[in-house]
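See structure below.
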Amino acid sequence: MAATGVASAAGMTALSGCGSGPGSGDVTLKLVAADYGNPGANNSSKIYWRKLADAFTRKHPEISVDVTVYSWNDIGKKLGDMVDSGNPPDIAQVDSYASWAAEGKLYKVSELLPIPDQAEFLVSLAEAGEVQRVQYGLPFVTSTRVLMYNKDLFAKAGLDPDKPPESWEALKSAARKLKQAGVEIPYGLPLGPEEAQGEALMWCLGNGGSYVDSVGNYTLNSPENIETMEWLRDNLVVPGYTEPDPQRVDRQQLFEAFSAGKVGVLNGHPTLVQQADKKGLAYGTGKLPGRDGPADGTLGVGDWMMAFKKNDHREACGKFLSFVYEEKNHYAFASRYGLLPVTTSASERMRKDKKHKKLWPFLDQLAGAEFYPVGKVSWTGTNAALKKSVGKAAMKGGDPKAVLTALQRKAEAAEKAES
């Protein structure tokens, strides 16, 4: 994610990057990265990467960096087309890596970074970057999820605005009181195709469930997961404590409704903090509620960097990646976009930075967060199936066992095919 090129921004078609910063080195690294900012605005990622690339080339004049930045809407297909055509970049930053690692196209992290640099990554994130116990994906930035609630709506409903619900029953009771007080959406349940797999997993974690077991086998239709979706259906959806038809509603719709003061409680991430602050909303945070008390963990989501072997630029890639993850450089990016760092030193710096105090609850959850099984090649298809179907399990008249068992069979078939 160094940039000396021109970038597009979220929601727009990508523009190719060009240029290599100061100097014309013996090696030109090609980097493809995602834009976390807005088109043409001063928060576009291209500004950060251009400065970083220039600084790197001043330090290593034998290496220049050429960057292309794509929107998140486009980067998956664009990068996939490059790899499929036999012309991958040297370094890429995107949300998955496993298929290319399994095909032998990526360098191992141990081939790129010295041991002290490898040791800087938070353990849970480093492990999430593994395929067959070998790390290929370098975590880039991450986020976790916490419960967020509207303090003014809590007070209106006679609830303690400083005491978020900690169990499912407490959440149900709060939702009932919010509904009685006329709150439009007591609990925001985004089970639409944008991120249904994330909302569902957060609920399953609160009941001791997950999508995979300790050795990586799919457990989508475990008794715990079935029980979770039954509880959601019977205790929140059917009584009308959520928005109508949660399986059709996306996360961003509910984030906007929460920021507008129409939602009592939901599961949120750092982006929602920024949205709510812009609206001047009075909100609180807490741990995700579990079946019998606060959930032991929460959902963690990360994006990844990787280096392709094709151009045989291993040493240059390693030097650039070490530079990217230097504390000041990595922290500058995470801080700019209100995301969580992935290294110990940058995380400790954020913990001391009062400017980011509102991110501390998310940071507190990082060590125990559970990440999607992105190291499984079959996860890409399984993830798509979950987004499309898992919301049906909690709809009125839905059959959680049938829905989750169908998803389990698809996941097992995909896993077998990849094997």
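What you see is a predicted model; the values in this text were computed from it and never measured. Position 1 is the first residue of the sequence; numbering continues from there.
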Going by atom types alone, do [X] and [Y] pair a side-chain donor with an acceptor below 3.5 Å?
{"X": "Y149", "Y": "T285", "result": "no"}
{"X": "Q365", "Y": "T144", "result": "no"}
{"X": "Y36", "Y": "D303", "result": "yes"}

In terms of relative ring orientation, are Y325 and H330 parallel, tilted or perpendicular, with 30° and 60° separating the classes?
tilted
Under 30°, 30 to 60°, or over 60°: which ring-plane class applies to F333 and F140, parallel, tilted or perpendicular?
tilted
Tell me whether [X] is salt-bridged to [Y], with the criterion being a basic N under 4.0 Å from an acidic carboxylate O.
{"X": "R291", "Y": "E227", "answer": "yes"}
{"X": "D245", "Y": "K396", "answer": "no"}
{"X": "E195", "Y": "R145", "answer": "yes"}
{"X": "D66", "Y": "K30", "answer": "yes"}
{"X": "K59", "Y": "E326", "answer": "yes"}
{"X": "K46", "Y": "D35", "answer": "no"}

Do [X] and [Y] make the cut of ring centroids closer than 6.0 angstrom?
{"X": "Y136", "Y": "Y107", "value": "no"}
{"X": "H269", "Y": "F255", "value": "yes"}
{"X": "Y187", "Y": "W203", "value": "yes"}

Output the distance between atom CD (E370) and atom CG (L299), rounded to the nearest 0.5 Å.
8.5 Å
Please evaluate residues E103 and K105 with respect to the criterion salt bridge (charged side-chain N to carboxylate O under 4.0 Å, His left out), reporting the C-alpha separation (whole Å), side-chain torsions for both, the decisive distance (0.1 Å), and the verdict.
CA-CA 6 Å; E103 292 166 2; K105 294 177 179 177; 3.1 Å; yes
What I'd like to find out is whether the side chain of D353 reaches to under 4.5 Å of the side chain of W360, using heavy atoms alone.
no
A side-chain contact here means heavy atoms from C-beta on lying under 4.5 Å apart; do F371 and V301 qualify?
no
Is [X] atom [atom1] crowded by more than 12 heavy atoms from other residues, nucleotides or ligands, each under 6.0 Å away?
{"X": "N217", "atom1": "CG", "result": "yes"}
{"X": "Q132", "atom1": "CD", "result": "no"}
{"X": "K309", "atom1": "NZ", "result": "yes"}
{"X": "E315", "atom1": "CD", "result": "no"}

Chi angles and distances behind the side-chain hydrogen bond (donor to acceptor under 3.5 Å, both in side chains) call for T380, N383
CA-CA 5 Å; T380 299; N383 185 40; over 6 Å; no
Taking distance alone, no hydrogens or angles, what donor-acceptor pairs closer than 3.5 Å link side-chain atoms of residues 384-393 to residues at least two apart or in another chain?
none

Audit row: T343, E327, side-chain hydrogen bond (donor to acceptor under 3.5 Å, both in side chains) steps and yes/no:
CA-CA 8 Å; T343 63; E327 179 190 325; over 6 Å; no
Which atom of L113 lies closest to which atom of S322, heavy atoms considered
CD2-OG, 3.4 Å
Without placing hydrogens or testing angles, list every side-chain donor-acceptor pair under 3.5 Å for residues 405-413, not counting sequence neighbours.
from : atom 1 : to   : atom 2 : distance (Å)
T405 : OG1    : N221 : ND2    : 3.4
T405 : OG1    : K401 : O      : 2.7
Q408 : OE1    : L220 : N      : 2.8
Q408 : NE2    : Y218 : O      : 3.0
Q408 : NE2    : E412 : OE2    : 2.8

Is there a side-chain hydrogen bond (donor to acceptor under 3.5 Å, both in side chains) between T219 and N225? Walk through the geometry before answering.
CA-CA 8 Å; T219 57; N225 291 352; 4.8 Å; no
Do D152 and Y283 pass the side-chain hydrogen bond (donor to acceptor under 3.5 Å, both in side chains) test, and can you show the C-alpha distance, the side-chain angles, and the key distance before you say yes or no?
CA-CA 8 Å; D152 290 337; Y283 62 88; over 6 Å; no
